[in-house]
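Below: the structure, in structure tokens.
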Amino acid sequence: MPDTPYDLTEKEVVVLHLLARGHDVKSAAVELGLSVHTVHERLREARRKTGASSSRGAARLLTEAAAPNFSGPPKSGVPMVPIVDHASAQPRHGASDGPRFWGRWGAPVMISAMTTVAILAVAHIGSGSATKPVDAPHVVSTRPAAVSVVPAGPVSLTVTFDRPMRHASYSFVYASPDTYPECGDNMPVQSADGRTFTLACSVRSGQRYEVLLNSSAYRNFMSEDGVPATPYRLKFRAR
């Protein structure tokens with residue numbers, strides 16, 4: 001494998017990429033067929049080498065080093081699925097769209113993309129018509145609300161869908177590392193009815209933010225029967 005940023009090993013890079021796509025530690029472990037302990041060890045080494053204070057921070061540094069011009073979202077996630085150490089996916093906060101920001105480390109993204117294609121294919125076949133649109137879940141509300149202005153400091157990034165969603169599957173995706181809230185290693189919390197996901201983050205005064213809830217590449221927000229939610233772009237700013 002070619003030299004990697006921060007002298008990270010290939011195994012450490014793969015785990016960080018899963019976080020950037022929205023996976024959390026548990027979903028990354030499942031995706032890679034590893035124990036949670038092993039994933040934590042790789043993340044610990046990645047934090048040491050990058051000097052990051054959190055695993056998601058290390059994933060962000062890798063993203064910036066591997067693709068400085070990256071302008072699309074990550075998993076999430078966790079494959080999208082959902083980069084939140086899930087999400088967005090997911091991401092998976094782990095959560096990107098645009099040019100494959102994995103560059104030469106694109107295998108995990110390809111696996112996620114192939115899974116999504118398979119899910120969509122099954123949905124269409126089951127509908128009995130290749131032209132019949134899939135009844136995809138959609139966002140009904142967010143907090144902060146779109147284009148709203150919020151106080152600087154802690155913020156609960158919340159999204160509610162029109163129906164119950166798959167458990168622990170989400171894609172909070174970067175539009176750009178510079179416009180994504182600081183969420184540390186926090187993981188989204190799903191409501192009892194399965195419709196709402198809440199991620200604890202913080203925002204800085206005067207900053208504009210943009211978060212993709214699913215994207216064309218990362219679609220781990222999905223209904224209980226596996227249909228990905230329609231991508232939603234949330235923009236807001238801190239006063």
Side-chain angles (χ1 to χ4, degrees), residues 18-19 21-31 36 73-97 111-129 132-146 148 155-174 180-181 183 185-201 211-236:
L18 287 176
L19 289 192
R21 290 166 50 209
H23 281 275
D24 59 19
V25 172
K26 290 183 180 179
S27 64
V30 171
E31 183 94 352
V36 170
K75 177 177 189 189
S76 167
V78 259
M80 195 162 5
V81 157
I83 142 183
V84 247
D85 260 56
H86 192 235
S88 9
Q90 36 234 89
R92 284 201 247 48
H93 320 292
S96 164
D97 278 337
I111 293 173
S112 178
M114 290 170 66
T115 300
T116 299
V117 169
I119 291 172
L120 291 176
V122 170
H124 277 290
I125 292 172
S127 70
S129 172
K132 183 179 179 180
V134 174
D135 180 21
H138 62 270
V139 173
V140 295
S141 67
T142 63
R143 188 169 70 246
S148 63
V155 61
S156 293
L157 186 60
T158 301
V159 54
T160 299
F161 293 90
D162 65 332
R163 70 196 68 180
M165 304 294 282
R166 177 168 292 183
H167 177 67
S169 180
Y170 44 85
S171 291
F172 289 87
V173 182
Y174 297 133
Y180 194 83
C183 303
D185 289 335
N186 298 327
M187 294 172 55
V189 175
Q190 190 170 3
S191 63
D193 66 4
R195 297 178 56 208
T196 301
F197 295 78
T198 302
L199 178 63
C201 303
V211 178
L212 304 183
L213 305 168
N214 273 9
S215 70
S216 61
Y218 304 99
R219 310 175 70 181
N220 286 324
F221 278 123
M222 58 179 67
S223 63
E224 293 179 323
D225 55 355
V227 178
T230 301
Y232 185 93
R233 186 180 298 266
L234 172 61
K235 294 182 179 181
F236 63 96

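- Between Ala145 and Phe236 the shortest heavy-atom distance is O-CB, 4.1 Å.
- The two residues Met222 and Ser169 make their nearest non-hydrogen contact at CG-OG, 4.1 Å.
- Closest approach of Arg163 to Ser223, counting heavy atoms only: CD-CB, 4.0 Å.
- With values rounded to the nearest 0.5 angstrom, Arg233 atom CZ is found 12.5 Å from Asn214 atom CG.
- If you take CG on Asn186 and OG1 on Thr198, they are separated by 12.0 Å, rounding to the nearest 0.5 Å.
- You'll find the side chain of Leu234 stays beyond 4.5 Å of the side chain of Val159, heavy atoms only.
- Summarising the geometry, atom OG belonging to Ser141 is positioned 10.0 Å from atom CZ belonging to Phe161; distances are rounded to the nearest 0.5 Å.
- Looking at every heavy atom in both residues, Val227 comes nearest to Ala136 through CG1-CA, 3.8 Å.
- Put simply, CG on Asp135 and CG on Asp162 are 7.5 Å apart, with the number rounded to the nearest 0.5 Å.
- Here the CG-CZ distance, from Leu212 to Arg219, works out to 13.0 Å after rounding to the nearest 0.5 Å.
- A heavy-atom distance below 4.5 Å is not found between the side chains of Thr142 and Val211.
- When every heavy atom of Leu199 is checked against every heavy atom of Pro188, the shortest pair comes out as CD1-N, 3.7 Å.
- In this structure Arg143 satisfies the salt bridge (charged side-chain N to carboxylate O under 4.0 Å, His left out) test with no other residue, sequence neighbours excluded.
- With values rounded to the nearest 0.5 angstrom, Gln190 atom CD is found 6.5 Å from His167 atom NE2.
- Between Phe221 and Met165, the shortest heavy-atom contact is C-CE, 3.7 Å.
- With sequence neighbours excluded, no residue forms a ring-ring contact (aromatic ring centres under 6.0 Å, His included) with Tyr232.
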